[in-house]
Protein chains: 2
Amino acid sequence: MTKATPPEPHRALTLRDVSEASGVSEMTVSRVLRNRGDVSETTRARVLEAARRLGYVPNKIAGALASQRVNLVGVVIPSLSNMVFPEVMTGISKTLEDTGLQPVVGVSNYQVDREEQVIYEMLSWRPSGLIVAGLEHSAASAAMLAQAGIPIVEIMDIDGTPVDSMVGISHRRAGRKMAEAIIAAGYRKIAFLGTHMPTNDHRARKRLEGFEEALAAAGLSLVDREFYSGGSALAKGREMTETLLKRRPDVDFLYYSNDMIGAGGLLWCLEQGLDVPGRIGLAGFNGVELLDGLPRRLATMDACRLETGVAAAEIIAGKRSSGVIGGEVIEFEPKLQPGDTIRNL
Amino acid sequence: MTKATPPEPHRALTLRDVSEASGVSEMTVSRVLRNRGDVSETTRARVLEAARRLGYVPNKIAGALASQRVNLVGVVIPSLSNMVFPEVMTGISKTLEDTGLQPVVGVSNYQVDREEQVIYEMLSWRPSGLIVAGLEHSAASAAMLAQAGIPIVEIMDIDGTPVDSMVGISHRRAGRKMAEAIIAAGYRKIAFLGTHMPTNDHRARKRLEGFEEALAAAGLSLVDREFYSGGSALAKGREMTETLLKRRPDVDFLYYSNDMIGAGGLLWCLEQGLDVPGRIGLAGFNGVELLDGLPRRLATMDACRLETGVAAAEIIAGKRSSGVIGGEVIEFEPKLQPGDTIRNL
DNA sequence: CCCGCTAATGATAGCGCTAACAGTGAAAAC
DNA sequence: GTTTTCACTGTTAGCGCTATCATTAGCGGG
């Protein structure tokens with residue numbers, strides 16, 4: 001801890017400073033800096049030079065208040081650390097890039113009350129739109145969203161009723177589809193491994209519900225299940241798989257609630273020399289990039305995260321002029337990626 | 001795309017609406033909503049009830065302009081998708097939680113000009129402080145930061161001169177330390193595998209420089225090197241390792257610029273039945289959680305990301321009253337985690 | 001030579017909130 | 001009874017910018 005360069009104490013610069021330095025009115029400076037209205041080339045050059053020389057940075061707070069326009073789009077997601085939301089963010093950022101809108105991220109940690117705070121905080125900055133992960137919110141959150149008077153897009157789940165618009169896949173249907181593929185491949189003693197329920201991960205829950213529905217429709221039911229929470233997902237997948245297979249050696253398929261624990265399980269099975277997918281099959285969910293590097297490719301189901309981000313951002317940016325002004329519903333079709341861990345049909 | 005509940009067109013509520021609904025002045029409403037100054041219990045209750053009933057959300061734009069205070073802390077990082085920045089964010093968020101400050105993330109994609117834009121955008125919202133990853137910025141960025149008049153903390157690298165404060169580890173030293181451990185363990189034909197240089201990943205570059213310095217000091221030099229860019233890091237690690245070992249079968253140590261490609265390499269080596277760490281040793285960098293689930297634990301070096309986030313946030317929040325007002329320098333000591341892929345000394 | 005027009009610039013009035021100060025009434029002190 | 005005090009509430013004046021309208025100069029046409 002030593003002393004370095006202490007920043008000089010500065011009164012923050014305002015339009016007036018630039019205006020005085022360039023000999024024109026504040027209004028003209030404002031016009032130059034925003035490229036709005038007619039300004040002569042010479043004035044423009046003089047103003048820009050002065051602004052640059054002084055190191056002027058406009059005050060958007062004042063600008064936003066005066067113009068009643070804020071170029072921000074709030075994005076409320078449960079977590080940054082599980083690889084799935086960053087990809088949605090990529091889609092959002094890319095789409096917003098050429099619209100002058102800027103995404104602002106808030107993280108709710110899968111907690112309803114935290115989400116409520118984040119939404120409140122975001123709305124208090126009067127953004128141009130809000131993208132929220134999931135359809136399940138506290139009553140207060142839902143009320144705020146409905147009242148906000150801006151486009152709201154709920155993403156990554158469409159099994160429910162949106163406040164305004166929604167974009168994503170049906171997790172219930174994704175679970176069903178996976179179960180059908182597994183059954184069709186001839187597996188019968190199927191177990192589930194996932195995050196500890198009931199968490200507030202509604203999407204994982206719906207997936208499992210859909211999965212069990214499809215099993216039931218085929219006269220089957222889950223043979224066993226194993227849950228975890230916290231820790232390294234890869235390591236947990238490994239442990240859970242070992243535990244479960246020790247308990248029920250007859251199981252012939254392991255359905256994981258996400259790819260990370262699935263990858264852990266796959267590594268364990270391969271180490272044990274188990275015949276995958278002959279003796280036992282495995283499948284995860286999400287289609288994370290990581291899987292490409294595994295010794296064998298885990299069967300999974302793509303959640304269309306990039307597309308979801310893109311479509312959500314398009315709705316906010318008004319790029320998707322379908323005539324409808326709000327309340328759009330866009331469903332993507334999750335694609336099964338059979339990989340190498342499920343028998344060929 | 002169907003029609004759902006269209007949000008009713010609302011004129012946004014203001015303090016005046018709440019004030020009229022509760023029969024007190026706007027000022028009193030403001031006081032209640034901010035818990036500031038003396039307000040009688042009965043008035044407070046009336047105001048809160050009215051605010052709640054109307055669904056009032058304060059306008060922070062106006063509040064910030066009037067009070068000249070913004071409870072935002074800008075965080076500028078190169079990427080969200082490589083697992084390392086989310087952990088820094090965790091440290092920042094947790095530390096800021098009870099200070100009333102809110103982190104706002106901006107992503108620069110390892111591009112200098114993009115970083116400049118993001119910094120400009122952030123500063124234009126007049127945040128209470130700014131946390132920026134790295135010490136290398138464009139001249140314009142550096143000037144803006146120096147002028148901003150708010151605490152600036154550059155993180156994750158201390159090999160250079162900060163604008164104001166800096167927190168992190170010395171990557172040069174981390175590279176050196178790893179090289180020394182490898183040499184001490186008796187490895188002599190050492191190769192490097194990493195991201196394609198020169199990227200704008202200055203930290204990886206400095207690590208390699210330190211690494212080569214230490215090799216040189218022991219009379220050694222890199223036997224070979226291999227670079228990649230883009231794609232699944234795990235898969236790339238696998239490919240690069242194969243390529244490199246086919247080219248130079250005599251190599252006895254592989255130093256990876258990050259854990260993800262290291263993990264890919266490790267998986268490949270194990271599949272090939274190579275004797276790790278006897279015949280060949282491996283090491284990565286970063287200490288990602290993922291590694292815990294691998295069949296063998298990759299040697300790595302912890303970058304103290306959580307601590308870095310915490311300390312940076314503390315500086316901004318003024319929690320670290322070391323007497324010094326700015327220009328703090330906090331260095332963390334990267335810890336070697338030998339794992340199972342480097343011979344015991 | 002005046003009119004009408006356009007291009008360029010300036011003056012004025014807020015945006016919705018809060019800091020700072022100015023009351024107000026009732027209880028406490030003299 | 002009068003003054004002081006204190007707890008509470010209201011009034012005023014901006015914060016730094018932009019929307020809107022007003023003004024000026026320049027210029028070609030009749």
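What you are looking at is a predicted structure, and each value in this text was computed from that prediction instead of being measured. Throughout, a chain's letter reflects where its sequence line sits, starting with A, and its residues are numbered from 1.
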Discussion item. Does either side chain, that of S93(A) or that of T90(A), offer a donor lying less than 3.5 Å from an acceptor on the other one?
Written reply: no
Discussion item. Under 4.0 Å, heavy atom to any atom of DNA chain C: which of residues 57-68 of chain A qualify?
Written reply: L65(A), A66(A), Q68(A)
Item to complete: Send over the distance from L15(B) CG to dG10(D) C1', rounded to a whole Å.
Response: 14 Å
Practice prompt. Check every nucleotide of DNA chain C for an atom under 4.0 Å from a heavy-atom of chain A, then give the first and the last such nucleotide from 5' to 3'.
Written response: dA8(C) to dG16(C)
Worksheet item: If every non-hydrogen atom of T43(A) is compared with every non-hydrogen atom of V39(A), which pair is closest and at what distance?
Response: CB-CG1, 3.8 Å
Fill in: Carboxylate-amine/guanidinium proximity below 4.0 Å for E314(B) and K319(B)
no
Worksheet item: Taking for each residue the nucleotide of DNA chain C bearing the nearest heavy atom, is the 5' side occupied by D38(A) or by M27(A)?
Response: D38(A)
Practice prompt. Give, for atom CD of E154(A) and atom CG of D164(A), the distance between the pair rounded to the nearest 0.5 Å.
Written response: 8.0 Å
Discussion item. To the nearest 0.5 Å, what is the distance between CD1 on I155(B) and OG1 on T308(B)?
Written reply: 7.0 Å
Item to complete: Side-chain contact test, heavy atoms from C-beta onward, threshold under 4.5 Å: evaluate it for E115(B) versus Y110(B) and give yes or no.
Response: no
Worksheet item: Atom OG of S30(B) and atom CZ of R36(B): how far apart are they, to the nearest 0.5 Å?
Response: 9.0 Å
Item to complete: May I ask you to check whether over 12 heavy atoms, not counting those of R34(B), lie within 6.0 Å of atom CZ?
Response: yes
Item to complete: Look at D38(A) together with R44(A) and state whether they make a salt bridge at an N to O cut-off of under 4.0 Å.
Response: no
Item to complete: Give one of base, sugar-phosphate or nothing for R44(B), where a contact means two heavy atoms less than 4.0 Å apart.
Response: nothing
Item to complete: Please work out if R69(A) contacts a base, only the sugar-phosphate, or nothing of the nucleic acid, heavy-atom cut-off 4.0 Å.
Response: sugar-phosphate
Fill in: Sorted by number, the residues of residues 28-36 of chain A with heavy-atom contact under 4.0 Å to DNA chain C
T28(A), R31(A)
Discussion item. I need the M122(A) CE to I131(A) CD1 distance, nearest 0.5 Å.
Written reply: 10.5 Å
